[in-house]
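Before any comments, here is the structure.
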Amino acid sequence: MAIVGIDLGTTFSTVAVVDDRGRASAVPNRDGDILTPSAIYLHDGQAVVGQAALDLQGEHPDRVATLVKRRMGYPDYGTVSSRAFRPETLSAIILRKLASDAELHLGPVSQCVITVPAYFDDTRRKATMDAGKIAGLDVIDIIDEPSAAALAYTVQQGNAIPDDAPRTVLVYDLGGGTFDVTLVQLSKKRFKVLGIEGDVRLGGKDWDDRLANHAAEQFRAQYGSDPREDPQSLALLQQAAEKTKRTLTKVDQASLTILHDGRKLSLPITRAEFEGLTADLLLRTRLTAQQVVNGAGLTWPAVDKVLLVGGSTHMPMTGAMLRALTGKEPDRTLAVSEVVARGAAVHAHLMEAKLAAARAKLGVLDDIIEISVNAHSLGVEARTGDERVNSKLVLKNTQLPASADRIFYTSQENQQKVRVRILQGEATQSAACMQVGECWIDALPANLPKGSPIQVRCGVAANGLIEVTAVVVATGQTVRAEIHRTGGLEEAELRREAAYVATLKIT
């Protein structure tokens with residue numbers, strides 16, 4: 001039975017496994033490719049996942065789902081092939097395809113670790129776990145993508161990292177739909193995250209969109225019609241923009257062809273012009289990288305290496321910007337599109353801490369300690385006068401696992417339950433934060449007087465998921481509190497979506 005790591009990406013996804021000699025490697029799909037486009041074509045009970053789905057998008061845009069990851073944590077994705085979908089269900093279809101392709105090479109896949117952007121909040125992390133359940137997978141953990149990349153880098157370096165001289169590495173992860181910067185400290189026996197910043201709405205797709213919008217405006221100026229107003233023309237335009245972006249990573253000039261309304265326009269685009277169109281996007285990544293270093297109380301001379309992760313780091317502008325910012329040559333020694341899945345596979349085997357055989361396979365990581373931090377502050381909603389504020393308990397970039405307590409008081413005699421709203425975010429006002437959900441502390445002891453103290457403990461697990469418990473101070477009774485997450489799937493809904501996915505012919 002195989003245990004795999006899955007990089008569930010916005011635009012491409014990858015599966016990796018650790019072999020008997022402790023080497024992590026990507027597993028090809030049934031077409032022999034390492035990368036599987038995260039696109040789904042749905043029609044008449046069939047789900048086509050991968051490049052074929054992208055190929056069909058220009059002809060049937062209403063039947064193809066893409067960029068599903070950007071909707072994780074939201075209650076809906078939209079309509080595909082006349083059916084309303086949740087993003088968890090569409091992600092589950094991709095996961096099922098990835099697992100079945102991997103099984104052609106590995107045999108049955110028993111367990112997996114799935115990666116998420118470091119800046120995913122609890123709602124999005126829970127949605128990713130739910131997608132795995134819908135796909136019928138045993139998801140033993142989730143891991144942040146930059147952390148997975150750094151873990152894979154640690155394995156690759158092996159004995160080159162001495163115990164008494166840990167390295168500080170900045171992981172710059174620019175994927176197709178999300179962006180993260182993570183600062184980590186690496187040694188042979190210790191893997192510690194120092195700080196995280198990111199943007200779940202910034203990625204290579206935004207560079208594509210700038211090109212597509214520029215080309216559409218040129219077409220509209222010349223012919224008086226806008227290709228963005230026709231679904232088929234828009235799909236073809238987006239594909240052409242993405243292809244042009246890739247070409248400009250290799251050469252200084254390319255041509256972007258727009259087809260719409262019976263007309264054709266071939267638009268020359270230079271690399272310099274492309275970089276000018278997207279300069280503000282690159283600046284956002286620069287400011288984020290600077291922020292994470294400042295937040296850790298460090299300066300660039302204290303950073304030993306800048307590690308590039310994510311397919312969008314192939315763009316020459318990213319390397320040039322990081323050289324100017326850091327004074328260091330970015331490290332491109334890792335396969336940027338595979339390294340996250342490889343690190344997830346390593347983490348999956350580290351999860352088998354009780355199995356000596358699994359440890360033996362990972363000689364360089366024998367007894368390694370993984371230490372993560374939370375990407376968002378965790379708090380509860382509190383009332384101050386007439387205002388509802390975010391009372392922070394576990395601050396951003398706190399070492400995980402972590403927990404903190406807050407005392408609440410019953411507001412009436414013989415109160416049977418207390419409601420606590422769990423928040424994530426840095427804002428003072430609760431309305432500006434992400435509401436994870438509501439937690440009801442119920443089954444309180446009978447006859448509690450008004451004003452009885454209830455100690456609520458909110459904790460963040462190593463994988464970023466939130467736990468809540470409570471103690472009645474007067475009696476010492478521990479009360480289990482279950483978070484009712486905003487917009488999440490209930491067990492009955494999970495079973496329903498899993499049953500639907502099981503009926504699909506996924507190829």
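The figures that follow rest on heavy atoms only: side chains count, while hydrogens, waters and symmetry mates do not. Just so we're clear, the structure is a prediction, and the values are computed from it rather than from any experiment.
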Query raised in the report: When you check the gap from the basic side-chain N to the acidic O, do R125 and D144 get nearer than 4.0 Å?
Result: yes

Query raised in the report: Are the side chain of H105 and the backbone N or O of P28 linked by a donor-acceptor pair below 3.5 Å?
Result: yes

**Report entry** Any side-chain donor near an acceptor of the partner, T313 and Y172, under 3.5 Å
**Finding:** no

Report task. Flag the pair D130 and K126 as a salt bridge only when some basic side-chain nitrogen lies within less than 4.0 angstrom of an acidic carboxylate oxygen. Result -> yes

Query raised in the report: Ignoring hydrogens and geometry, is there a side-chain-to-backbone donor-acceptor pair from K328 to V303 under 3.5 Å?
Result: yes

Query raised in the report: Hey, does the side chain of E145 reach the backbone of G9 with a donor-acceptor pair shorter than 3.5 angstrom?
Result: no

Query raised in the report: Is a donor on one side and an acceptor on the other found under 3.5 Å between the side chain of E197 and the backbone of V181?
Result: no

Query - Ion pair R124/D121, N-O distance below 4.0 Å - result: yes

Query raised in the report: Does a salt bridge link D209 with R228, judged by any charged N lying under 4.0 Å from a carboxylate O?
Result: no

Report task. Examine distances only and state if a side-chain atom of S233 and a backbone atom of E229 form a donor-acceptor pair shorter than 3.5 Å. Result -> no

Report task. Would you give the length of the straight line joining atom CD of Q218 to atom CG of L267, rounded to the nearest 0.5 angstrom? Result -> 5.5 Å

Report task. With side chain to side chain donor-acceptor pair (under 3.5 Å) as the test, would you mind laying out the steps for E338 and T14 before giving the verdict? Result -> CA-CA 7 Å; E338 303 173 24; T14 313; over 6 Å; no

**Report entry** Residue pair V184, L307: steps toward the side chain to side chain contact (heavy atoms under 4.5 Å, CB included) verdict
**Finding:** CA-CA 11 Å; V184 297; L307 188 64; over 6 Å; no

Report task. Return yes if some donor-acceptor pair links the side-chain N/O of R210 with the main-chain N/O of L277 below 3.5 Å, else return no. Result -> yes

Query - E88 side chain to I134 backbone, donor-acceptor under 3.5 Å - result: no

**Report entry** Worked check of side chain to side chain donor-acceptor pair (under 3.5 Å) between T115 and D7
**Finding:** CA-CA 5 Å; T115 65; D7 175 12; 3.2 Å; yes

Requested in this report: Assess whether side chain to side chain contact (heavy atoms under 4.5 Å, CB included) is satisfied between D199 and Y119, documenting all intermediate values.
Outcome: CA-CA 7 Å; D199 190 338; Y119 225 59; over 6 Å; no

Requested in this report: Would you verify whether the NZ or CZ of R83 falls within 45 degrees of the ring axis of F85 while also being under 6.0 Å from that six-membered ring's centre?
Outcome: yes

Query - L106 vs V17, side chain to side chain contact (heavy atoms under 4.5 Å, CB included): CA-CA, chis, key distance, verdict - result: CA-CA 9 Å; L106 306 175; V17 68; 4.0 Å; yes

Report summary line: In terms of heavy-atom contacts, S337 and G311 come closest through OG-CA, 4.0 Å

Requested in this report: Give the minimum heavy-atom separation between T168 and L194, together with the two atoms involved.
Outcome: CG2-CD1, 4.3 Å

Report task. Look only at the side chain of K97 and the backbone of I506, and say whether a donor-acceptor pair between them is shorter than 3.5 Å. Result -> no

Report task. Check the pair T182 / D180 against side chain to side chain donor-acceptor pair (under 3.5 Å), numbers first and verdict last. Result -> CA-CA 6 Å; T182 301; D180 286 310; 5.9 Å; no

Report task. Let me see the working for D101 and V15 under side chain to side chain contact (heavy atoms under 4.5 Å, CB included), right down to the final yes or no. Result -> CA-CA 9 Å; D101 280 8; V15 179; over 6 Å; no

Requested in this report: Can you label the angle between the Y41 ring and the H60 ring as parallel, tilted or perpendicular, going by 30° and 60°?
Outcome: tilted

Report task. State, to 0.1 Å, how close I94 and S13 come at their nearest heavy-atom pair, and which atoms those are. Result -> CG2-OG, 4.1 Å

Query raised in the report: Could you state the interatomic distance from NZ (K205) to OG1 (T66), rounded to the nearest 0.5 Å?
Result: 7.0 Å

Query raised in the report: How far does CD of Q239 sit from CG of D208, to the nearest 0.5 angstrom?
Result: 11.0 Å

Report task. Using modelled atom types only, decide if a donor and an acceptor are shared between the side chain of D31 and the backbone of D33 within a distance under 3.5 Å. Result -> no

Requested in this report: Can you see which heavy atom on L42 is nearest to which on A47, and at what distance?
Outcome: CD2-CB, 3.6 Å

Requested in this report: Look at E103 together with R96 and state whether they make a salt bridge at an N to O cut-off of under 4.0 Å.
Outcome: yes

Donor-acceptor pairs are to be reported for all side-chain atoms of residues 247-257 against protein atoms at under 3.5 Å, with residues two or more places apart or in another chain.
| residue | atom | partner | partner atom | Å |
| --- | --- | --- | --- | --- |
| T247 | OG1 | K243 | O | 3.0 |
| T249 | OG1 | R246 | O | 2.5 |

Query raised in the report: Charged N to carboxylate O under 4.0 angstrom, D230 versus R263?
Result: no

